[in-house]
Amino acid sequence: MKALIIPIAAVAAAMIPGSALAQAAGDTSTGQVIVNGNVARLCILGAPSRATVDLGQMAATSGTRVGRIAVLGDQSVTLPISFCNFAGSALTVQVTALVSTDASPVQPGFAKAVNYTATASNWALSPTAATSSASASGATPSATSTGATQPAPKIADVSVTLSGFTAPSDALLTAGIYNGLVVVTLGPAVGGGS
């Protein structure tokens with residue numbers, strides 16, 4: 001009799017839900033769900049450390065250069081925590097000369113423009129620089145340059161330096177208010193990016 005009890009007990013265990021034998025029989029099934037999404041390409045320039053660069057008095061008021069452009073030191077602006085989240089980005093710098101807001105014609109020997117160079121660095125291997133070359137009357141004040149391609153996503157503090165302030169033909173500067181502009185653009189390099 002004992003020999004018959006053991007097989008019957010084994011059959012009974014296989015029929016009880018949750019038992020070890022019932023689980024081995026395949027009551028578990030696996031499924032999968034694919035999850036996906038995307039990330040847009042983004043380039044962000046940080047807010048400038050200085051919204052305005054005020055050069056103050058640009059003409060020498062004494063000495064041998066009185067009335068001509070004074071020695072103006074380099075000026076720096078930082079665009080902190082700037083980034084592109086994709087490979088193949090570049091900086092473009094557009095510089096516009098400081099031009100007098102006085103619309104009257106320029107007289108011989110005088111200039112109504114101050115040219116300078118704007119250089120953006122700390123992005124690609126080499127800086128991006130543009131130099132204005134306005135005439136004495138202030139005509140053709142803008143210049144643009146696009147720099148080298150950054151081959152990987154990057155985050156950095158972009159530094160912009162304004163330097164080399166000169167007047168056309170080193171002429172005397174006319175009195176008044178002068179305005180200029182630097183525009184820095186961070187985005188896909190021409191033919192770059194993915």
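For this chain, numbers begin at 1 and follow the sequence in order.
- Distance CZ/Arg68 to OG1/Thr166: 13.5 Å, rounded to 0.5 Å.
- Hydrophobic clustering (ILVMFWY, side-chain heavy atoms < 4.5 Å, transitive): Ile69 and Val66 are in distinct clusters.
- Side-chain contact between Val95 and Tyr116 is present, with at least one heavy-atom pair separated by less than 4.5 Å.
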May I have the list of side-chain donor-acceptor pairs in residues 156-163 shorter than 3.5 Å, sequence neighbours left out?
residue: Asp157; atom: OD1; partner: Ile81; partner atom: N; Å: 2.8

Output side-chain donor-acceptor pairs under 3.5 Å for residues 71-79, partner residues at least two apart or in another chain, one line each.
residue: Gln75; atom: OE1; partner: Arg50; partner atom: NH1; Å: 3.4
residue: Gln75; atom: OE1; partner: Arg50; partner atom: NH2; Å: 3.1
residue: Gln75; atom: NE2; partner: Gly73; partner atom: O; Å: 3.4

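- Residues Met58 and Phe165 form no side-chain contact, since every pair of their non-hydrogen atoms from C-beta on lies 4.5 Å or further apart.
- For the pair Asn115 (side chain) and Ala134 (backbone), a donor-acceptor distance under 3.5 Å is present.
- Rounded to the nearest 0.5 Å, atoms CZ (Arg41) and CG (Asn85) are 8.5 Å apart.
- Here the CD-OG distance, from Gln107 to Ser137, works out to 12.0 Å after rounding to the nearest 0.5 Å.
- Side-chain contact check for Thr146 and Thr92: at least one donor-acceptor pair (N or O, by modelled atom type) lies under 3.5 Å.
- Counting all heavy atoms, side chain and backbone alike, Ala90 lies closest to Ala189 at CB-CB, 3.8 Å.
- With a 4.5 Å cut-off on side-chain heavy atoms, Ser142 and Gln94 count as touching.
- At a threshold of 4.5 Å between side-chain heavy atoms, the hydrophobic network of Ile, Leu, Val, Met, Phe, Trp and Tyr places Val183 and Val93 in two separate groups.
- One distance of note links CG of Leu91 with SG of Cys84; it measures 8.0 Å at 0.5 Å rounding.
- Residues Ser89 and Trp123 bring a donor and an acceptor atom of their side chains to less than 3.5 Å of each other.
- Hydrophobic clustering (side-chain heavy atoms under 4.5 Å, transitive across Ile, Leu, Val, Met, Phe, Trp, Tyr) groups Ile155 together with Ile44.
- Inspection of the Asp102 and Ser104 side chains reveals an N or O donor paired with an N or O acceptor under 3.5 Å.
- Side-chain contact between Arg65 and Asp170 is present, with heavy atoms from C-beta onward closer than 4.5 Å.
- In this structure, Tyr178 and Leu173 have side chains that are in contact, with non-hydrogen atoms separated by less than 4.5 Å.
- Without hydrogens or angle criteria, Ser145 side chain to Ala129 main chain gives a donor-acceptor distance under 3.5 Å.
- How far CG of Asn179 is from OG1 of Thr101: 6.5 Å, rounded to the nearest 0.5 Å.
- In this structure, CD in Gln150 is found 10.0 Å from CG in Asn122, a value given to the nearest 0.5 Å.
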